[in-house]
Each structure stands twice: as structure tokens, then as C-alpha cells.
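Data block below; observations after.
Because the structure is predicted, anything quoted here is derived from the model rather than measured.
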Amino acid sequence: MKKTLMKWALLLVCMAVGMPAMAQFNVKALKGAVKAVKAVTLTDAQMTEYVKEYIDWMDTHNQVCADDNEYTIRLKKLTEGLTDVEGIPLNFKVYYVIDVNAFACADGSVRIFSSLMDIMSDDELLGVIGHEVGHVAHKDSKNGFRTALLTSALKDGISSQGGTAAKLTDSQLGDLGEALVNSTYSQKQERSADDYGYEFLKSHGKNPWAMALSFQKLKKLQEEAGAQKSSKLNQLFSTHPDLDARIKRMEERATSEGIEKPAAE
């Protein structure tokens with residue numbers, strides 16, 4: 001049976017729609033908290049250490065599908081040729097969990113949850129990956145991680161010594177995860193990530209219609225969740241760019257370029 005990802009684990013995602021797949025960074029929402037810890041500074045080298053510590057922790061605390069697992073084989077085939085973004089090497093793994101989610105870290109680590117793979121076609125998954133890669137390319141992931149780190153795990157004034165980042169405890173990693181779960185990207189960042197994802201997929205020989213298809217699937221899931229105003233899903237959707245508008249933008253772009261829409265799987 002699939003495990004449920006820990007409550008305090010990172011649920012960052014991909015598409016910025018806050019649906020059962022996606023929570024994003026919102027640097028603006030955390031600026032006030034940053035001021036309280038402005039004495040704590042992080043170099044790029046220290047940030048690299050913290051990101052590595054976090055992704056290693058995530059990989060340790062979640063069931064990673066083996067190389068011969070069907071999910072891993074599918075993802076490896078799907079992402080063939082997607083080796084790096086803006087010089088940052090990409091690496092992909094599947095978490096065997098019941099949560100419908102995915103996320104990418106500033107170091108190029110992309111983690112797809114098996115339950116998301118269960119409900120999405122290959123093209124839809126490529127759209128998720130393309131969008132999230134856009135956030136990595138634009139350093140949204142890096143900046144958001146830095147802000148969340150300073151306002152959660154390091155809020156007690158932990159600093160580095162001798163140029164080496166202070167090691168985080170499990171509790172601090174949990175605080176960091178919660179900060180990331182409760183954060184969002186701006187609408188401008190989302191649109192920019194959409195555009196980057198489109199071009200990224202296209203330049204790597206993938207059909208960029210994947211962007212529109214992924215949004216269409218998210219729209220369908222939103223509708224299936226019901227129209228209750230109090231539902232968590234609809235509350236989260238309300239903070240992000242309108243899905244209909246995003247679908248239209250990506251569809252019009254692909255159509256204007258004469259790109260053929262892939263057949264339904």
C-alpha cells in the first residue's frame with residue numbers, strides 16, 4: 001500500500017494551481033518575516049548545501065521507486081533528453097505515495113508522486129514537468145526556498161560557521177516543509193513558468209501541447225471537486241491564474257505555430 005507523505009513534508013509543485021498537486025512559493029507573503037531574521041545571511045554555497053540536505057531528507061523519508069519499477073521506467077522514458085535547464089542538471093525520481101503531487105528543487109531534483117502518474121497521461125505529466133522546470137530556470141524555486149528557509153528552519157537565528165551551513169534538525173526540516181506547503185508563486189511567475197515550460201518542451205523535441213493538456217486535466221479535477229466555496233481546493237485555485245485563461249494561452253500558441261495536438265491516450 002502506498003504511504004502518505006508526512007504532513008510536514010514538502011508539497012511544492014508544479015503547476016501553481018494549488019490543487020491536490022500543487023503548492024507554490026510566494027516570496028511576497030514572507031517578506032515581513034524575513035525582516036525579523038535579516039541578520040541571517042546565506043551564500044549560494046550554503047544554499048546549495050541546504051537544498052541538498054532537504055532533497056536527501058525527502059528521498060530518505062519517502063518510498064522512492066526502484067529503477068526497475070514500472071513508474072520509474074515510465075518516467076525515465078517520458079523525460080528522455082531532458083538532462084538540464086539553464087546549466088542545472090535535472091534528475092527525476094518517483095515517490096510511491098498516495099498524495100497527488102510533484103515538486104522540483106532549485107538543484108534540478110524533480111520528484112513525481114505515483115498517484116499523480118496514475119491520473120495523468122504522459123503528455124499531461126510533461127506539462128507538469130515543463131512548468132516546474134520553468135520555475136527552476138527563473139530561480140523562483142531557489143528564491144522561494146531561501147525565503148522559506150529564513151522564515152522557518154532558521155527563524156531561531158541559526159547561522160553558518162566557517163562558511164559551512166548549519167545542519168538542520170528533523171524539526172527544522174519539518175518547519176521548512178510547512179512553510180513551503182503554505183506558500184504560493186505570484187501570477188506573473190506562473191505565467192512566465194508556463195511560457196518557459198512551453199519553449200523548454202518544444203526545444204527538447206516534446207509536444208508543447210502538453211502545457212494546455214495538463215491545465216485541462218487540472219481544470220477537470222477542479223470541477224470534479226465540486227463548487228463548495230469552502231473547499232480547500234477552490235480556495236487554493238482562487239489564488240492562482242485562471243485555468244481557463246492559461247489553457248487558452250497555451251492552446252492559441254500551439255495552434256498559431258501549427259503544432260498538431262497529440263491524440264488522446
Intermediate values then yes/no, side chain to side chain contact (heavy atoms under 4.5 Å, CB included), Tyr196 and Val85: CA-CA 10 Å; Tyr196 190 96; Val85 55; 3.3 Å; yes
SB check Arg249 Asp195 (cutoff 4.0 Å): yes
Side-chain heavy atoms of Ile247 within contact of Leu218, under 4.5 Å: no
Trace of the side chain to side chain contact (heavy atoms under 4.5 Å, CB included) decision for Arg246 with Met211: CA-CA 9 Å; Arg246 297 173 82 180; Met211 300 299 298; over 6 Å; no
Separation of His61 NE2 from Leu173 CG (nearest 0.5 Å): 8.0 Å
Side chain Ser115, main chain Ile98, donor-acceptor under 3.5 Å: yes
Exercise: identify the closest heavy-atom pair between Ala254 and Tyr198: CA-OH, 3.2 Å
Whether Trp209 side chain and Ile259 backbone form a donor-acceptor pair below 3.5 Å: yes
Any donor-acceptor pair under 3.5 Å from Thr60 side chain to Asp56 backbone: yes
Identified side chain to side chain contact (heavy atoms under 4.5 Å, CB included) counterpart of Phe113 within the set Val94, Asp118, Asn101: Asn101
N/O donor-acceptor pair under 3.5 Å between Lys76 side chain and Phe92 backbone: no
Side chain to side chain contact (heavy atoms under 4.5 Å, CB included) assessment of Leu168 paired with Leu149: CA-CA 10 Å; Leu168 300 179; Leu149 187 64; 4.0 Å; yes
Whether His135 and Tyr185 hold their rings parallel, tilted or perpendicular, with breakpoints at 30° and 60°: parallel
Donor-acceptor pair, side chain of Arg74 and main chain of Met117, under 3.5 angstrom: yes
Glu132 side chain to Ala102 backbone, donor-acceptor under 3.5 Å: no
Close side-chain approach of Asp122 to Lys77, heavy-atom, < 4.5 Å: no
Donor + acceptor pair across side chains of Ser109, Asp107 (<3.5 Å): yes
From CD1 (Ile129) to CD1 (Ile112), nearest 0.5 Å: 4.5 Å
His138/Glu86 under side chain to side chain donor-acceptor pair (under 3.5 Å): CA gap, chis, key distance, verdict: CA-CA 9 Å; His138 291 156; Glu86 302 297 326; over 6 Å; no
Note, Arg111 side chain near Asn91 side chain (heavy atom, < 4.5 Å): yes
Spacing of Ser192 atom OG and His131 atom NE2 [to the nearest 0.5 Å]: 10.0 Å
Spacing of Ser214 atom OG and Asp194 atom CG [to the nearest 0.5 Å]: 8.0 Å
Flag side-chain contact, heavy atom, 4.5 Å: Met47 against Val51: yes
Check: Phe103 and Ile55 side chains under 4.5 Å, non-hydrogen atoms: yes
Closest non-hydrogen atom pair, Ala210 against Leu201: CB-CD1, 3.9 Å
Nearest-0.5 Å distance that lies between atom CG in Leu125 and atom CG in Leu213: 11.5 Å
Side-chain touch Tyr95/Val64, heavy atoms, less than 4.5 angstrom: yes
Glu260 CD: over 12 foreign heavy atoms closer than 6.0 Å: no
Check against side chain to side chain contact (heavy atoms under 4.5 Å, CB included), Gln63 and Val97: CA-CA 7 Å; Gln63 183 177 346; Val97 292; 5.7 Å; no
Listed partners of Thr169 passing side chain to side chain contact (heavy atoms under 4.5 Å, CB included), at least two apart: Ser171, Gln172
Ile119 backbone acceptor or donor facing Lys217 side chain under 3.5 Å: yes
Test item: Thr79 side-chain N/O and Leu82 main-chain N/O as donor-acceptor pair under 3.5 Å: no
Inter-residue atom distance Ile88.CD1 - Thr83.OG1, 0.5 Å rounding: 12.5 Å
Electrostatic pair Lys142:Asp44 at N-O distance under 4.0 angstrom: yes
